[in-house]
Amino acid sequence: MDNLQNIIDLKQHPINDLNSYTMQCKKELQENSILILKNFLKPEALVKLKLEAKALQEKAFYSFQEHNVLLAEKNKEWDDNHPCNVEVVSNKGCVPHDLIPDNSCLRSIYTSKLFQKFLKIVLSLEDIHPYADNLSSINYNYYDFKQQLGWHFDNASFAISLMIQSPESGGKFQYLKNARCVENNEINFFKIKAVLKNKILVDEILLEEGTLALFYGNNYLHRVTPVTSKKSRILATLNYNLKKHVKLSENARIIFFGRLN
């Protein structure tokens, strides 16, 4: 079982049950576009990852970005006040894959054939693959006081994260449904504008430590609110591709990691 029994609470989250439990998770993700599995990590594994994350934090690369919700260059056909041209702020620290220790629980989860099979069923995928570069597959992300992730749509179709440490205040995950449909090339400018002006209610989740979250981030507008405590928000992201030999773009590697390799 890839040593997962020492890391994942398989009694509460039997991902080895590829029928009943896994199909239940798949249904929940399809219905809500987000799957929240609380207490996914065993307490002892969570303690190890907290210590690991804090030991690595001094090696984190901190970036500051001003970007639009599409994470793209401004569209010259729209004015600067167009909701998809308005800039928001994202600033956080990141530790890349090549600094994650070889014996890390994160590597055990990420490379586990059982975990990958669970993901493929839940996400309705034929196969998943690690990034071809040495920076992007597993990352620790740090949000210190006043740091945040601005409103955006992901470029990747899905996101997988493990909450390692929750802040004492702020750092909440917010999202809005039905703001875009990539499959139909549809985007709701009215809703995006309302979100940016704080004139529409959004869904909000405060992820607890040890929680696994799966999310369809390319169709749902989302952000992390500014952290308002001295205790940082720390999460790990597990990043896969649908095809082999894919590298994160050089521009993205420079922005998020401060280096190409």
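Everything quoted here is computed from the prediction, not taken from an experiment.
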Shortest non-hydrogen contact from [X] toward [Y]:
X	Y	answer
Gly150	Ser90	N-OG, 2.8 Å
Gly170	Thr228	N-OG1, 3.3 Å
Val122	Cys25	CG2-CB, 4.0 Å
Leu56	Pro101	CD1-CD, 4.1 Å
Pro130	Tyr110	CA-OH, 3.1 Å
Asn6	Glu44	O-CG, 4.4 Å

Would you check if the side chain of [X] reaches a backbone N or O of [Y] as a donor-acceptor pair within less than 3.5 Å?
X	Y	value
Thr225	Lys172	yes
His97	Ile138	yes
Tyr216	Leu29	no
Lys191	Arg180	no
Thr237	Ser161	no
Asn218	Val182	no
Asn68	Ala72	yes
Asn91	Gln148	yes
Arg253	Asn261	no
Asn241	Lys243	no

Could you tell me the separation between the [atom1] atom of [X] and the [atom2] atom of [Y], rounded to the nearest 0.5 Å?
X	Y	atom1	atom2	result
Lys50	Gln165	NZ	CD	6.0 Å
Leu248	Phe256	CG	CZ	7.0 Å
Ile234	Asn141	CD1	CG	10.0 Å
Leu242	Phe158	CG	CZ	5.5 Å
Met23	Leu18	CE	CG	10.0 Å
Ile109	Leu162	CD1	CG	5.5 Å

Any side-chain heavy atom of [X] within less than 4.5 Å of one from [Y]?
X	Y	result
Ile192	Trp151	no
Ile15	Tyr21	yes
Ile100	Arg107	yes
Lys247	Ser136	no
Tyr140	Glu52	yes
Leu49	Ser104	yes
Leu149	Arg233	no
Gln116	Lys113	yes

**Prompt:** Would Asn139 and Asn239 satisfy side-chain contact (heavy atoms from CB on, under 4.5 Å), going step by step from the backbone distance to the final call?
**Reply:** CA-CA 8 Å; Asn139 298 151; Asn239 308 306; 3.6 Å; yes
Using the six-membered ring wherever Trp is involved, compare the ring planes of [X] and [Y] and label them parallel, tilted or perpendicular (cut-offs 30° and 60°).
X	Y	result
Phe40	His13	tilted
Phe115	Tyr240	tilted
His222	Phe173	tilted

Shared hydrophobic cluster for [X] and [Y] (ILVMFWY, side-chain gaps under 4.5 Å):
X	Y	answer
Met163	Leu35	no
Tyr175	Val69	no
Ile34	Leu235	yes
Leu70	Val195	yes
Val86	Ile187	yes

Please say whether more than 12 non-hydrogen atoms of neighbouring residues, nucleotides or ligands are located less than 6.0 Å from [atom1] in [X].
X	atom1	result
Glu73	CD	no
Asn185	CG	no
Glu204	CD	yes
Phe189	CZ	yes
Leu201	CG	no
Glu183	CD	yes

**Request:** State, without any angle test, whether Asp203 and Tyr220 hold a side-chain donor-acceptor pair at a distance under 3.5 Å.
**Result:** no
**Asked** Between Gln147 and Tyr142, do the side chains contain an N or O donor and an N or O acceptor separated by less than 3.5 Å?
**Response** no
**Asked** Between Tyr143 and Lys92, does a side-chain contact (heavy atoms from CB on, under 4.5 Å) hold up when you go through it step by step?
**Response** CA-CA 5 Å; Tyr143 298 85; Lys92 64 185 178 77; 3.3 Å; yes
**Prompt:** Ion pair present between Lys231 and Glu209, side-chain N to carboxylate O less than 4.0 angstrom?
**Reply:** yes
**Prompt:** Is there a side-chain contact (heavy atoms from CB on, under 4.5 Å) between Ser137 and Tyr131 once you walk through the steps?
**Reply:** CA-CA 5 Å; Ser137 293; Tyr131 273 86; 3.5 Å; yes
**Request:** Just grab all the salt bridge (charged side-chain N to carboxylate O under 4.0 Å, His left out) pairs involving residues 117-133, residues at least two apart or on different chains.
**Result:** Lys120-Asp127
**Complete:** salt bridge (charged side-chain N to carboxylate O under 4.0 Å, His left out) pairs touching residues 146-168, sequence neighbours excluded, are none
**Prompt:** Please walk me through it: do His67 and Ile255 pass side-chain contact (heavy atoms from CB on, under 4.5 Å)?
**Reply:** CA-CA 12 Å; His67 59 83; Ile255 290 173; over 6 Å; no
